[in-house]
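Atom set for the values below is all heavy atoms of this structure, side chains included, hydrogens, waters and symmetry mates excluded. Chain identifiers are assigned alphabetically (A, B, ...) following the order of the sequence lines, protein sequences preceding nucleic acid strands; residue numbering begins at 1 within each chain.
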Number of protein chains: 2
Amino acid sequence: MSKRARDIQKALSASGYRITQPRRAVIEVVARARRSLSPEEILARARKIDPGVGLATVYRTLDVLQAEGHLERVRIGNRGYSLACSEKALHFHLICERCRTVTEIQSDQFSGALIAQLQAVGFESRKSAIEIIGLCAKCQSSE
Amino acid sequence: MSKRARDIQKALSASGYRITQPRRAVIEVVARARRSLSPEEILARARKIDPGVGLATVYRTLDVLQAEGHLERVRIGNRGYSLACSEKALHFHLICERCRTVTEIQSDQFSGALIAQLQAVGFESRKSAIEIIGLCAKCQSSE
DNA sequence: AAACTTAGTGAGAATCGTTCTCAACAAGAA
DNA sequence: TTCTTGTTGAGAACGATTCTCACTAAGTTT
Ligand SMILES: [Zn+2]
Ligand SMILES: [Zn+2]
Ligand SMILES: [Zn+2]
Ligand SMILES: [Zn+2]
């Protein structure tokens, strides 16, 4: 089991959630993922660890992980994708609509300017991550 | 008929699209909208102009308008919302998840910094509008 | 104006992602 | 081990979007 998965389990447990077999499997999958995965993809991978896992449980576990701040949900088209996120401050997610890789970028320069303007307008952002859809460098060259 | 609607019709016609009754109705609704509307809302309003319009045609017309750059699609939760967009340069959409009002903000200061960083990473943004979900000033105070 | 070609149409079925329901289960406390 | 109750899987239900297909009408050609 990965360290990341262990940390998440510990945190969930501390918050009063039960650490069940299916949850263990989903957490392990998410912790190991190198790109954002769809719920269906997470289900397929989780079943290699615990064959009995159901799709509903994947959704439920993703909800829990998101509520506890261990995961962020990302949308490409109609499909919902999930991603473990490290950065805490306001930052951007560059989401490649081809390979679904998510790159995080951050700069105090524009974050500061943006936050100032949001305050000026009186808008309160609910998410700390802003999504930019497009094509990553690799996928541009291989198109 | 609004000027905006007429301009859009002219542009579509020039691109080879037929200007049909249902399309006229949908275009008129979108051109007059002061906030983002859901396809169902657009349908209801369009039927006041042309009672026979079907939901499928609303979706199809929205697709055309989007493909031709007269409209941007915005997502709040699962629902798809549409919005006529004026700004051409890179800008932000502040989307209130309560009242669905969309405010556009723009500043060369952070746009420049952001574009520079996107280029540095080699990421090519497909959309000129970046969405920030949250609560507008009005809805914050009345919550 | 009439005929013609074919893009566009409405109704409803189909599909997709997600949520709900509920009887059965099992994690963790005692 | 027993008990409590949070959690589960299967499938039904749901809401948004897309598809199908026979029919219609926009715009072009006569
Ligand atoms: Zn992030
Ligand atoms: Zn890519
Ligand atoms: Zn815009
Ligand atoms: Zn609002």
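- Under the side chain to side chain donor-acceptor pair (under 3.5 Å) criterion, D50(B) pairs with no residue at all, not counting sequence neighbours.
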Please list, for nucleotides 21-23 of chain C, all pairs of protein and nucleotide N/O atoms separated by less than 3.5 Å.
none

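- When the C1' atom of dG17(C) is taken as reference, atom CG of L62(A) falls 13 Å away, rounded to whole Å.
- Regarding contacts with the backbone of dT18(D), every side-chain N or O of Y59(B) stays at 4.0 angstrom or more from both OP1 and OP2.
- Partners of E97(B) by side chain to side chain donor-acceptor pair (under 3.5 Å), not counting sequence neighbours, listed by chain and number: R126(A).
- Between R32(B) and E28(B) there is a salt bridge, since at least one side-chain N of the basic residue sits less than 4.0 Å from a carboxylate O of the acidic one.
- Atom CD in E41(A) sits about 11 Å away from atom P in dG17(C), given to the nearest Å.
- The distance from atom CG of L37(B) to atom P of dA16(D) is 15 Å, rounded to the nearest whole Å.
- Distance from the side chain of P22(B) is smallest to dG10(C) among dG9(D), dG10(C), dT18(C).
- The CG-C1' distance, from D63(A) to dT8(D), rounds to 15 Å in whole Å.
- Between H91(A) and H93(A) there is a side-chain heavy-atom pair separated by less than 4.5 Å.
- When heavy atoms are screened at a 4.0 angstrom cut-off, G52(B) is found touching the sugar-phosphate backbone but no base atom.
- Annotation: side chain of T20(B) is not in contact with side chain of R24(B) (no heavy-atom distance under 4.5 Å).
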What does nucleotides 23-30 of chain D look like as a protein-contact string, B for base, S for sugar-phosphate only, - for none, at under 4.0 angstrom between heavy atoms? --BBS---
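- Residues E41(A) and R100(A) are in side-chain contact: their nearest non-hydrogen atoms beyond the backbone lie under 4.5 Å apart.
- Neither M1(A) nor I27(A) shares a network with the other; the hydrophobic side chains, linked directly or stepwise wherever heavy atoms of I, L, V, M, F, W or Y lie under 4.5 Å apart, form separate groups for each.
- Residue L55(B) places its side chain closer to dT17(D) than to any other of dA11(C), dT8(D), dT17(D).
- Direction of the helix axis in the helix from dA1(C)-dT30(D) to dA30(C)-dT1(D) shifts by 40° between the two five-pair termini, rounded to 10°.
- Between E40(B) and L55(B) the shortest side-chain heavy-atom distance falls below 4.5 Å.
- Looking at R35(A) and C99(A), their side chains never come closer than 4.5 Å, going by heavy atoms from C-beta outward.
- Contact of the V64(A) side chain with the R23(A) side chain is registered, since non-hydrogen atoms from C-beta on lie closer than 4.5 Å.
- Protein atom CG of D50(B) is 16 Å distant from nucleotide atom P of dG8(C), rounded to whole Å.
- In this structure R47(B) satisfies the side chain to side chain donor-acceptor pair (under 3.5 Å) test with no other residue, sequence neighbours excluded.
- Distance CG (L43(B)) to P (dT18(D)): 15 Å, rounded to an integer number of Å.
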